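What you see is a predicted model, and the numbers here were worked out from it, not measured in a lab.
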Amino acid sequence: DPAALRASLEGRKLAYFSGITLAILEPAARRTLLDSLKAVRAAGTLVAFDPNYRPRLWHSPDAARAAIAEALAVSDIALPTFADENDLFGDATPDATAERLAEAGIAEIVVKDGEAPALIVADGARSLVPAMKVEAVDTTGAGDSFNGAYLAARLLGDAPVDAARRAHAVAAAVVQVRGALAPFETLKKAFG
């Protein structure tokens with residue numbers, strides 16, 4: 001429902017979506033989503049996107065690449081995971097991922113890389129933000145929790161590097177708990 005979608009997005013400071021969203025939508029619904037995001041972005045909403053490539057959800061890598069390119073065209077912030085970008089685009093390094101996304105017009109790029117530092121490219125600067133070393137029990141939800149904490153911190157006014165530090169702390173808390181949902185108090189404490 002294009003009207004309902006647009007109404008739900010209007011006036012928001014931030015809209016966030018992922019490649020999983022793109023993969024599960026039929027082409028017409030995907031077009032509705034992207035058109036709605038383009039419209040609210042033009043009206044001042046910040047749009048964040050995590051390509052979150054899951055091969056089994058796509059009928060071909062080419063279809064995934066095409067849909068992700070369309071999504072990037074309506075996005076301000078990209079939050080890719082390097083392993084996914086390597087798998088789908090053949091990027092040899094997180095720097096290669098960041099360069100490709102910058103060429104696509106993305107102004108703020110956060111390349112997550114598991115236990116390795118996250119690469120932040122924003123405001124004309126390139127920074128590496130180390131991940132927190134913890135004993136992981138279950139990595140389910142690590143990327144999503146990183147994204148949520150990063151975007152929340154940015155909305156609170158944190159600089160990209162500071163937001164990434166908070167995001168790593170939240171992701172570290174999440175991987176120390178079984179399942180994708182850590183207790184709220186744990187997340188709150190990790191976020192700071």
Side-chain angles (χ1 to χ4, degrees), residues 2 5-54 57-58 61-91 94-113 118-127 129 143-164 166-167 171:
L5 178 60
R6 187 135 333 143
S8 72
L9 292 172
E10 284 179 2
R12 303 285 178 193
K13 289 182 181 179
L14 174 76
Y16 167 76
F17 69 116
S18 80
I20 293 173
T21 307
L22 298 179
I24 64 172
L25 293 175
E26 293 297 323
R30 186 182 307 141
R31 178 82 272 135
T32 297
L33 172 64
L34 295 174
D35 288 347
S36 296
L37 289 166
K38 182 179 180 181
V40 298
R41 182 180 183 218
T45 297
L46 193 64
V47 178
F49 174 62
D50 179 350
N52 214 350
Y53 176 58
R54 298 295 176 266
L57 297 178
W58 293 96
D62 286 339
R65 282 189 285 270
I68 287 169
E70 287 186 86
L72 290 169
V74 301
S75 300
D76 301 292
I77 299 172
L79 298 150
T81 298
F82 172 63
D84 295 347
E85 302 301 293
N86 173 264
D87 189 26
L88 183 59
F89 293 97
D91 295 342
D95 282 308
T97 296
E99 288 171 21
R100 181 175 47 78
L101 294 174
E103 288 172 5
I106 303 298
E108 187 170 331
I109 302 162
V110 181
V111 183
K112 301 171 302 236
D113 195 9
L119 172 61
I120 315 300
V121 179
D123 303 324
R126 178 193 174 284
S127 305
V129 179
D144 293 328
S145 62
F146 181 101
N147 291 348
Y150 181 86
L151 294 170
R154 292 293 286 134
L155 287 174
L156 290 171
D158 284 13
V161 168
D162 296 328
R166 286 175 114 168

Would Arg100 and Glu85 count as a salt bridge (charged side-chain N to carboxylate O under 4.0 Å, His left out) here? Give the steps.
CA-CA 10 Å; Arg100 181 175 47 78; Glu85 302 301 293; 2.6 Å; yes

Please determine whether side chain to side chain donor-acceptor pair (under 3.5 Å) holds for the pair Tyr16 and Asn147, giving the CA-CA distance in whole Å, both sets of side-chain angles, and the decisive distance to 0.1 Å.
CA-CA 9 Å; Tyr16 167 76; Asn147 291 348; 2.9 Å; yes

Would you sort out whether Ser18 and Asp50 count as a side chain to side chain donor-acceptor pair (under 3.5 Å), showing the intermediate values?
CA-CA 5 Å; Ser18 80; Asp50 179 350; over 6 Å; no

Please determine whether salt bridge (charged side-chain N to carboxylate O under 4.0 Å, His left out) holds for the pair Asp62 and Arg65, giving the CA-CA distance in whole Å, both sets of side-chain angles, and the decisive distance to 0.1 Å.
CA-CA 5 Å; Asp62 286 339; Arg65 282 189 285 270; 2.5 Å; yes

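Look at Asp35 and Arg6 and you find no salt bridge, because none of the NZ, NE, NH1 or NH2 atoms lies under 4.0 Å from a carboxylate O.
Summarising the geometry of Arg41 relative to Val74, their closest heavy-atom pair is CD-O, 3.1 Å, with the distance given to 0.1 Å. In terms of heavy-atom proximity, Thr97 sits nearest to Val111 at CG2-CG2, 4.0 Å. Closest approach of Tyr53 and Ala64 over heavy atoms only: CE1-CB, 3.6 Å. Counting all heavy atoms, side chain and backbone alike, Leu14 lies closest to Ala48 at CD1-CB, 4.0 Å. In plain terms, the two heavy atoms of Ala122 and Pro160 that are nearest each other are CB-CG, 3.7 Å.
Arg154 places a side-chain N or O within donor-acceptor distance of the main-chain N or O of Asp158, the cut-off being under 3.5 Å. With hydrogens and angles disregarded, no donor-acceptor distance shorter than 3.5 Å links the side chain of Lys13 to the backbone of Leu155. With hydrogens and angles disregarded, a donor-acceptor distance shorter than 3.5 Å links the side chain of Ser75 to the backbone of Ala71. A donor-acceptor distance shorter than 3.5 angstrom exists from the side chain of Arg30 to the backbone of Leu25, with no hydrogens or angles considered.
Here CG of Asn52 is found 6.0 Å from CG of Asp144. Values are rounded to the nearest 0.5 Å. In this structure, the separation between CD1 on Ile106 and CD1 on Ile77 is 9.5 Å, given to the nearest 0.5 Å. Separating the CD atom in Glu70 from the CG atom in Leu33 is a distance of 10.5 Å, to the nearest 0.5 Å. Atom OG1 of Thr45 and atom CZ of Arg12 lie 9.0 Å apart (nearest 0.5 Å).
Residues Pro2 and Leu5 are not in side-chain contact: their nearest non-hydrogen atoms beyond the backbone lie 4.5 Å or more apart.
For the pair Arg166 and Tyr150, the NZ or CZ position fails the cation-pi test of under 6.0 Å to the six-membered ring centre and within 45 degrees of the ring normal.
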